Every structure is written in C-alpha cells, then in structure tokens.
Amino acid sequence: MPIYEYQCGDCGHGLESLQKLSDPPLTDCPECGKPKLQKQISAAGFRLSGGGWYETDFKSGSKRNVAEKDASGGSSGGSSGGSSGGGHGCGGGGCGSCS
C-alpha cells in the first residue's frame, strides 16, 4: 500500500496516510477539521539496505577482480580478448564464453 502525503490548504498542517489505491482521498484536516486537505505530489520513498550486489559477489579464483586487472593491465585483456571473445562484447573473459 502506498503512503500518500496531504497538506491542509487552510491551516497548513501536513500528514502522511497509508492507503489502498482504491481508497478515496482524504478531505478533512485532523487539525482544523475543515475539508481542505490536498494530496501532495512527492517522490516515492524506498530504501536500499544491505551491502548491495557488486561485480565480485559471485566470482571466484582468477575472475574475482576483473575490474582491477583491466584498470592496471588493460592491454593484456584487450589483445587476447580481441580474437577469442570480441564478438559478444563481455570485455574480459568474465562470461565463461571467452575462456
């Protein structure tokens, strides 16, 4: 269920309300009691928690630090990858098709 923000056009009181999409919008202000609530337009709020997904999360062995190898010795990856795996564009043999 989305959280909607409202603000009273008369007294300026702001509030948030957890409502179903099918619920009618609120109209009466809980502070002053007047039917002057207006739905506000705001960005959707969400939180990305945890460590995230990184390039190295599911790699092992020599493929673990592909980005570091490309940054330090990019010429070796580019010259050998040109003939064996340049057709699909993985860029360094990390996909398994280039090996």
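All residue numbers refer to positions in the sequence shown, counting from 1. Bear in mind the structure is a predicted one, so any value in this text is a computation, not a measurement. All heavy atoms count here, side chains included; hydrogens, waters and symmetry mates do not.
Taking the side chain as every heavy atom from C-beta outward, Ser17 and Ile3 never approach each other to under 4.5 Å.
Put simply, CD on Gln38 and SG on Cys8 are 8.5 Å apart, with the number rounded to the nearest 0.5 Å. The distance from the CG atom of Asp10 to the SG atom of Cys29 is 8.0 Å, given to the nearest 0.5 Å. Leu18 CG to Asp23 CG: the interatomic distance, rounded to the nearest 0.5 Å, is 9.0 Å. To the nearest 0.5 Å, atom CD of residue Glu16 and atom CD of residue Glu5 are 5.0 Å apart.
Closest of all the heavy-atom pairs between Asp28 and Leu37 is O-CD1, 3.3 Å.
More than 12 non-hydrogen atoms from other residues, nucleotides or ligands lie less than 6.0 angstrom from NZ of Lys39.
Tyr6 pairs with exactly one of Gln40, Gln19, His13 by the side chain to side chain donor-acceptor pair (under 3.5 Å) rule, that one being Gln19.
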